[in-house]
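Quick notes on the structure that follows.
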Amino acid sequence: MFQRILIANRGEIALRVIRACREMGIESVAVYSQADADSMHVKLADKAICVGTARSADSYLKIDQIIAAAEVAGVDAIHPGYGFLAENAQFNEMCRSSGFEFIGPSPTAMEKLGDKNTARSMAVAQNVPVVPGSDGLIADFAKAAQTAIDIGFPVLIKATAGGGGKGMRVAESEDVLVSQLEAARNEAIAAFGNGGVYLEKFVERPRHIEVQVIADTHGNVCHLFERDCSVQRRHQKLVEEAPSADLPQDRREAICDAAVRMIAGADYAGAGTVEFIVDKDYNFYFIEVNARIQVEHPVSEMVTGVDLIQEQIRVAAGLPLSFRQDELTCKGAAIECRINAEDPTKNFQPSPGKIESMFAPGGLGVRFDSHVTSGYSVPPYYDSMIGKLIVHRPTRELAIATMLRALKELQIQGIKTTVPFHEWILKDPAFLDGSVDTKYVDRAYQGQSPK
Ligand code: ADP
Ligand code: ADP
Ligand code: MG
């Protein structure tokens with residue numbers, strides 16, 4: 001087993017990895033930007049090294065600085081967390097060639113799955129249903145028009161290198177197809193340096209259901225059931241839950257099997273998520289693989305009892321998973337609310353600044369994964385997520401009641417947070433009956449007060 005791990009991240013996920021390391025008797029090394037010098041991840045790690053100034057591009061994204069920090073600290077492995085360099089195959093390769101294990105899949109698997117069009121072909125090869133669309137990248141606009149007519153409008157133009165909700169455009173009709181294709185291509189070149197785009201049918205009012213998987217280097221591939229992440233605003237997830245509130249058992253088995261086939265066919269080791277959209281008839285279609293740990297992994301941990309970060313570390317160290325598929329069950333219901341420093345009454349505008357005082361909720365079934373404290377200043381430079389409130393109870397009804405009381409207990413003074421939005425959605429009839437689709441929040445929420 002490793003003796004020392006460097007965490008190439010900040011915020012709550014850095015704490016999450018530090019906690020896993022400490023329980024395993026592994027030393028943790030934090031890296032931080034000058035803006036994060038007083039952060040909890042710096043205080044809680046066994047050692048911390050400054051890697052640059054505030055802007056991510058000058059610190060958390062600086063590959064050479066992070067590798068240099070790993071050398072100075074003498075670590076065995078590097079955990080990338082999520083965001084930042086987590087899906088950067090070049091960083092992955094650099095870690096390995098510098099003598100550090102990268103806690104994640106191989107650079108080859110990461111590169112193939114990270115390219116959405118390639119991943120789509122891999123899904124087809126594994127008999128995993130994909131959204132009807134173009135056969136590969138769009139080479140010629142005239143052919144694209146014929147494809148769009150065949151699959152039917154509206155169509156979604158997707159950048160093969162896209163991510164984080166960026167690089168997607170809808171074309172409602174043939175008149176706008178070519179202009180939207182051109183716009184999407186230019187946007188993709190500017191954002192990702194890769195102009196490759198493809199077409200998918202735009203599925204009306206889908207739900208987003210994803211499957212947590214983890215594979216080791218001994219040929220074991222397991223799933224940890226599904227998460228429903230349909231509560232999204234502009235393609236960004238806000239609430240996630242396990243199990244899905246509305247998925248027949250045979251469909252649940254089929255979607256989990258499809259995710260396992262996808263990963264088993266990709267020569268993949270580590271944790272990953274296979275994302276699908278699901279239509280009103282419970283047909284599911286593969287959309288992408290996230291070859292890393294995800295923000296919402298705790299809900300799967302709660303319903304299965306598996307520590308996903310510790311399993312990631314085991315797998316990277318060459319050990320087999322500590323469980324077999326037939327030992328896993330999905331117990332009770334778990335919900336996660338992302339607490340962001342944003343003002344939900346003002347279009348979710350960022351609300352960085354000093355937290356004058358705060359109180360974190362507790363009690364039966366409550367978990368709060370966060371790096372913030374009274375007196376902490378939320379810097380304006382990074383993602384606005386300041387914590388994740390997670391509950392786990394025997395039923396969904398109890399989980400909702402527990403979440404509502406935990407949201408009431410959570411006190412954060414000095415900045416605005418997404419708590420009022422969560423109080424609204426958790427009382428909303430569509431959420432209660434499990435019928436929320438991925439555009440529901442965009443249609444129904446205009447900053448109203450909790451019911
Ligand atoms: P990203 O890499 O940005 O996460 P995804 O391909 O995972 O991109 O899509 C993000 C979200 O966009 C999905 O969760 C879903 O809400 C929506 N979406 C993706 N593909 C489709 C589609 N073909 N039809 C309708 N909505 C889609
Ligand atoms: P997705 O939305 O692509 O399915 P996640 O829900 O796991 O995946 O979100 C990951 C994204 O969240 C990252 O790509 C990044 O944009 C953002 N993010 C949130 N918090 C952080 C953080 N502390 N550090 C870096 N990125 C973060
Ligand atoms: Mg996605």
Side-chain angles (χ1 to χ4, degrees), residues 82-83 86-88 110-124 128-134 137-138 147-148 150-172 177 180 184 187-188 191-192 194 196-213 226-241 244 255 259 262 271-281 283-297 338 383 385 435-445:
Y82 52 72
E87 289 180 279
N88 184 317
M110 178 173 273
E111 199 153 43
K112 280 202 244 163
L113 292 170
D115 183 86
K116 290 185 176 197
N117 177 58
T118 307
R120 197 173 137 87
S121 328
M122 290 164 77
V124 173
V128 171
V130 297
V131 187
S134 56
L137 297 178
I138 303 295
T147 306
D150 293 345
I151 61 179
F153 286 95
V155 295
L156 194 60
I157 305 159
K158 281 189 168 181
T160 191
K166 293 184 204 88
M168 280 185 286
R169 273 179 176 247
V170 184
E172 296 287 348
L177 183 69
Q180 289 289 63
E187 215 171 81
F192 313 110
N194 176 348
V197 295
Y198 62 99
L199 292 186
E200 268 182 10
K201 182 165 180 57
F202 181 78
V203 178
E204 302 283 350
R205 303 202 171 187
R207 288 192 298 138
H208 174 114
I209 296 186
E210 58 186 36
V211 179
Q212 175 70 56
V213 288
E226 84 282 7
R227 294 186 286 257
D228 193 319
C229 314
S230 302
V231 178
Q232 304 185 354
R233 179 178 170 273
R234 301 192 181 163
H235 304 306
Q236 304 266 9
K237 299 163 186 167
L238 286 164
V239 178
E240 303 98 347
E241 61 179 310
S244 170
I255 203 170
M262 179 78 202
T273 298
V274 186
E275 297 192 330
F276 299 88
I277 49 177
V278 178
D279 70 17
K280 59 181 187 340
D281 302 317
N283 296 306
F284 59 83
Y285 306 96
F286 167 82
I287 51 173
E288 67 158 344
V289 173
N290 289 144
R292 55 170 163 84
I293 196 73
Q294 266 181 307
V295 171
E296 58 272 27
H297 75 276
R338 295 194 192 195
D383 193 272
M385 199 176 76
S435 65
V436 166
D437 65 81
T438 61
K439 289 281 186 300
Y440 179 75
V441 172
D442 294 315
R443 287 195 307 274
Y445 185 71

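Order of appearance sets the numbers: ligands from 1, and atoms from 1 within every ligand. Note that these values count all heavy atoms, side chains included, but never hydrogens, waters or copies made by symmetry.
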Report yes if some heavy atom in the side chain of [X] is under 4.5 Å from a heavy atom in the side chain of [Y]; otherwise report no.
{"X": "D115", "Y": "N194", "result": "yes"}
{"X": "I157", "Y": "L199", "result": "yes"}
{"X": "E187", "Y": "R169", "result": "yes"}
{"X": "K158", "Y": "E288", "result": "no"}

Give the atoms of ligand 1, by number and element, whose distance to some non-hydrogen atom of [X] is under 4.0 Å.
{"X": "K158", "value": "6 (O), 19 (C), 20 (N)"}
{"X": "I277", "value": "21 (C), 22 (C), 23 (N), 24 (N)"}
{"X": "L156", "value": "20 (N), 21 (C), 22 (C), 23 (N), 27 (C)"}
{"X": "H235", "value": "11 (C), 12 (O), 16 (O), 17 (C)"}
{"X": "M168", "value": "9 (O), 10 (C), 12 (O)"}
{"X": "K116", "value": "1 (P), 2 (O), 5 (P), 6 (O), 8 (O)"}
{"X": "E275", "value": "7 (O)"}
{"X": "Q232", "value": "14 (O), 16 (O)"}

State, to 0.1 Å, how close N290 and E275 come at their nearest heavy-atom pair, and which atoms those are.
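So the two residues come closest at OD1-OE2, 3.1 Å.
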Nearest non-hydrogen partners of Q212 and A271, listed with the distance:
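For Q212 and A271, the tightest heavy-atom pair comes out as NE2-CB, 3.9 Å.
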Short side-chain to backbone donor-acceptor contact, R120 and V131, under 3.5 Å:
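Yes: the side chain of R120 pairs with the backbone of V131.
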With respect to V203, determine whether any N or O atom, backbone or side chain, lies less than 3.5 Å from an N or O atom of ligand 1.
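Min N/O separation from ligand 1 is below 3.5 Å for V203.
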Nearest neighbour of atom 9 (O) of ligand 1 from the list I287, D437, V130, on a heavy-atom basis
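That would be I287.
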At a 4.0 Å cut-off, with the gap strictly under it, does some heavy atom of K237 reach an atom of ligand 1?
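Per 4.0 Å heavy-atom rule, K237 does not contact ligand 1.
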Looking at ligand 1, does K439 have a heavy atom less than 4.0 Å from it?
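Contact absent.
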Restricting to N/O/S, name the atom of E288 that gets closest to the Mg ion (ligand 3).
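Of all N, O or S atoms in E288, the Mg ion (ligand 3) lies closest to OE2.
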Check all N, O or S atoms of E275 and name the one closest to the Mg ion (ligand 3).
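Looking only at N, O and S atoms of E275, the one nearest the Mg ion (ligand 3) is named OE1.
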Just wondering, are more than 12 heavy atoms of other shown residues or ligands nearer than 6.0 Å to CZ in R443?
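Yes.
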T273 and side-chain hydrogen bond (donor to acceptor under 3.5 Å, both in side chains): which single residue from H297, E210, Q294 fits?
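Of H297, E210, Q294, side-chain hydrogen bond (donor to acceptor under 3.5 Å, both in side chains) with T273 is met by Q294 alone.
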Is there an N/O/S atom in E210 at a distance below 2.8 Å from the Mg ion (ligand 3)?
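Under 2.8 Å: E210 has no N, O or S contact with the Mg ion (ligand 3).
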Have a look at ligand 1 and work out which part of K201, if any, has a heavy atom under 4.0 Å from it: side chain, backbone, both or neither.
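The backbone, only.
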Assess whether a salt bridge exists between K439 and E204, defined as any Lys/Arg side-chain N lying under 4.0 Å from an Asp/Glu carboxylate O.
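Result for this pair is no, no salt bridge flagged.
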